[in-house]
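To start, the structure itself, in C-alpha cells.
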2 protein chains.
Amino acid sequence: MATYTANEIDSLLETSGLKRTRGRIAVLHALRKAHKPIAIEDLHTSLTEPIHFVTLYRMLKQFVDAGIVYQTDLRSGKAYYELQREHHHHITCTKCGHQEEFSICANPLLNDISKKSKDFEDITSHTFELFSVCNSCQRST
Amino acid sequence: MATYTANEIDSLLETSGLKRTRGRIAVLHALRKAHKPIAIEDLHTSLTEPIHFVTLYRMLKQFVDAGIVYQTDLRSGKAYYELQREHHHHITCTKCGHQEEFSICANPLLNDISKKSKDFEDITSHTFELFSVCNSCQRST
DNA sequence: TTTAGTGCAAAATCTTTGCAGGGTA
DNA sequence: TACCCTGCAAAGATTTTGCACTAAA
C-alpha cells in the first residue's frame, strides 16, 4: 500500500519517455510514501538511495512537465511536490503553518474554463491552495 | 480610472493599522496600474518613488497579511502580487509563458470548504492558477 | 553505440535579518 | 515623544547552469 508496484512506475516513466533509472524509481517511491506535498529538502532526506540535490531538482521538473507530479506553492518560499494521483489541497495557517487537508478539488471549474479559452485546450495542471488563520492562533491574538 | 482615490488608499491603510507613508501610497498606485499579478522586480521598476527592494518586500508581506494584496505563484520561482480587489486568475503556458486571464474564481468552493473545516473559520486568501501548453506551442512540437 | 541521466562545483536569483537613522501619528 | 517605517549592508535560502563522467536503451 505504501509503494507503487514496479509495473506502475515503469509505465509512468515509459509513457513519459523517461529512462527507468534507480534514482527516479527511488524518488517516485519516496513521493508515494509522503502522502502529501513535500519540499525538496524533505524529499531528499526521505530517500533510500543517495541522490544529488541537483539531480532531484532536474527530475522533479521533468516529472511536473510529464504530468506525473503535482507542484504547488504554500507561500513558504519553496516548491512542494506530490504525486499527481495523490493530488489534494490544503488550508494553511499563515501564522503557525498548521495545515488541514481537504478533498474538494477545483476540477469541475477547470472544464468550464478550458471550454471558454481560445488559446488553451486542456489544463494539464493547476494549483489551488487556501490560506487563513487557524482558530487557535485567532484566539491567541 | 487608473488610480485609487486618496481616500480609498487612506481607508485601506487605516483599517489595517498601517501608517500612511509616501512609499506605501506609491506602491498601491503602482499595483493598481499593473492590472495583473506582478513580480517584485517589475513592481519596483514601475514605481515613481524611489523605494528600496527590502522595503518593498516588507510592505508586500504586510499588505498580504492585511488582506489588501493577493499573493500568488506562477511556478516561476518568485512571488506575484496583485490588489485584492482586482483579483483574478490565469492559465499559464508552461513552454512559452503566455498567459490568458479568466474571471471565474474559486470563491464558491471556498464556502463549502470552510464550512467543513474544524480548525479554520474563514478563508482569508487563496491561490488558484492553471497550467497548460498553449495551442501555438502544441503545434510547434 | 548513442543518447539521456547524474554528480560536482560554482553561480544566479530571490528573500530575509539586524541595525541605525528618519518620518508619522 | 513614541513608535513605526525605511535604507543599507550583509547573509540565508532556494534553484539553476556548465561540464565531465556514467548508465540505460
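Proteins come first, then strands; the chains are lettered A, B, ... in the order of their sequence lines, and each starts at number 1. Every value quoted in this text rests on a predicted model; they were computed, and no experiment measured them.
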Salt bridge present between Glu86(A) and Arg32(A) (N-O < 4.0 angstrom): yes
Chain B contact limits on DNA chain D, taken 5' to 3' with a cut-off of 4.0 angstrom to heavy atoms: dC3(D) to dA9(D)
Under 3.5 Å: donor-acceptor pair, side chain of Ser132(B), backbone of Asp122(A): yes
Nucleotides bounding contact with chain A, strand DNA chain C, heavy-atom threshold 4.0 Å: dT3(C) to dA9(C)
Qualifying residues under side chain to side chain donor-acceptor pair (under 3.5 Å), relative to His98(B), sequence neighbours excluded: Asp119(A)
Enclosure of Glu101(B) CD (heavy-atom neighbours >12, cutoff 6.0 Å): yes
Polar contact flag, side-chain donor to acceptor under 3.5 angstrom, Glu82(B)-His35(B): no
Check ion pair Asp73(A)-Arg75(B) (N to O, under 4.0 angstrom): no
Check: Asp65(B) and Val133(A) side chains under 4.5 Å, non-hydrogen atoms: no
Any side-chain donor near an acceptor of the partner, Thr72(A) and Glu129(A), under 3.5 Å: yes
Angle of first-five versus last-five pair axes in the helix from dT1(C)-dA25(D) to dA25(C)-dT1(D), to 10 degrees: 50°
Ser16(A)-Arg24(A) side chain donor-acceptor pair, cut-off 3.5 Å: no
Thr92(B) side chain to Gln99(B) side chain, donor-acceptor N/O pair below 3.5 angstrom: yes
Residue-level proximity of residues 52-72 of chain A to DNA chain D when a heavy atom falls under 4.0 Å: Val54(A), Tyr57(A), Arg58(A), Lys61(A)
Aromatic ring proximity His87(A)/His126(A), centre distance under 6.0 Å: yes
Side-chain donor-acceptor pairs under 3.5 Å in residues 43-54 of chain A, sequence neighbours left out?
| from | atom 1 | to | atom 2 | distance (Å) |
| --- | --- | --- | --- | --- |
| His44(A) | NE2 | Ile51(A) | O | 2.8 |
| Thr45(A) | OG1 | Glu41(A) | O | 3.0 |
| Ser46(A) | OG | Leu43(A) | O | 2.9 |
| Glu49(A) | OE1 | Arg22(A) | NE | 3.4 |
| Glu49(A) | OE1 | Arg22(A) | NH1 | 3.4 |
| His52(A) | ND1 | Val54(A) | N | 3.2 |

Sugar-phosphate, base or nothing in reach of Lys19(B), heavy atoms under 4.0 Å: base
Closest non-hydrogen atom pair, Gly23(B) against Met59(B): C-CE, 3.5 Å
Earlier contact from the 5' end, DNA chain C, for Leu18(A) and Leu18(B): Leu18(A)
